[in-house]
Amino acid sequence: PPRPPPKPGPGEHPLQYNYGFWYSRKSQGNKSASYDANLKLIGTFASVEQFWRHYCHIARPSDLNGHTDYHLFKEGIRPMWEDSANKNGGKWIIRLKKGLASRCWENLIMAMLGEQFMVGEEICGAVISIRYAEDILSLWNRTANDGVTTARIRDTLKRVLNLPPNTVMEYKTHVDSIKDNSSF
Amino acid sequence: GSRIFYERNFLMQCRNSPLAK
């Protein structure tokens with residue numbers, strides 16, 4: 001049965017949206033069936049304080065190993081290309097040298113939870129993907145063909161992440177990800 | 001309605017609140 005939506009507790013600071021925290025780890029074996037099956041919801045939250053209670057109990061991204069992702073998405077949106085909120089959307093992709101993942105992930109989710117992107121309902125969620133040689137940060141939005149919105153998201157990302165000037169940022173539509181089935 | 005904005009520094013301060021433990 002669906003769990004009841006979280007509510008801010010007494011004295012807590014509400015967020016604009018409720019969110020869900022997800023975890024996934026690539027399994028050996030059946031590649032096509034595994035993505036959805038490997039997604040695990042860690043928990044949902046509605047306030048700043050509830051967010052920190054989850055965050056403080058999970059490993060920092062840089063301490064994870066193997067092929068592991070954290071996903072932080074608005075409640076009701078599954079972190080999948082095919083979800084109705086994502087199917088016309090896309091994502092900004094930022095490839096990080098090893099060692100930067102924890103700091104950049106934290107900066108990204110602070111900006112998302114604090115509504116710093118100023119693009120209305122467009123933000124769907126954020127992902128940090130831990131890989132062998134590099135880590136990958138991505139921010140998903142609803143409407144891939146809205147150039148004004150995607151440019152505004154890019155500019156805010158640059159500001160809040162405080163990345164080296166030569167960092168490459170790439171935008172990819174989920175339609176293209178579905179076509180080539182090899183996002184990273 | 002009005003949106004709820006938080007600056008990074010404020011969110012980081014909330015991490016130390018007893019309510020966040």
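Just so we're on the same page: letters track the sequence lines, and every chain starts at 1.
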Among A/N107, A/V160, A/L113, which residue forms the greatest number of heavy-atom pairs with chain B at distances under 4.5 Å?
A/N107
In terms of heavy-atom pairs under 4.5 Å with chain B, the winner among A/H54, A/Q50, A/E12, A/E106 is A/E106
Does any non-hydrogen side-chain atom of A/M118 lie less than 4.5 Å from one of B/F5?
yes
Are there over 12 heavy-atom neighbours, none belonging to A/K98, within less than 6.0 Å of that residue's NZ?
yes
Closest approach of B/Y6 and A/H13, non-hydrogen atoms and distance?
OH-CB, 3.3 Å
Measuring heavy-atom distances to chain B, does A/P10 have an atom under 4.5 Å in its side chain, in its backbone, in both, or in neither?
backbone
How far apart are the closest heavy atoms of B/C14 and A/V48, and which atoms are they?
CB-CG1, 3.6 Å
Could you check whether any side-chain heavy atom of B/M12 comes within less than 4.5 Å of a side-chain heavy atom of A/M110, counting everything from C-beta outward?
yes
Shortest non-hydrogen contact between B/A20 and A/W52, atoms and distance:
CB-CB, 3.9 Å
Does a sphere of radius 6.0 Å around CD in B/E7 hold more than 12 heavy atoms from other residues, nucleotides or ligands, not counting ones at 6.0 Å or beyond?
no
For residues A/W140 and A/V175: do they belong to one hydrophobic cluster (side chain heavy atoms under 4.5 Å, members Ile, Leu, Val, Met, Phe, Trp, Tyr)?
no
Inspect the surroundings of CZ in A/R25 and state if more than 12 heavy atoms from other residues, nucleotides or ligands are less than 6.0 Å away.
yes
If you take all heavy atoms of A/E49 and B/S17, which pair is closest and at what distance?
CG-OG, 4.4 Å
Single-linkage hydrophobic cluster B/I4~B/L19, side-chain heavy atoms < 4.5 angstrom
no
Is A/F51 close to chain B through its backbone or its side chain, or both, or neither, when contacts mean heavy atoms under 4.5 Å?
neither
Compare every heavy atom of A/C56 with every heavy atom of B/R15, then report the nearest pair and how far apart it is.
NE-SG, 4.1 Å
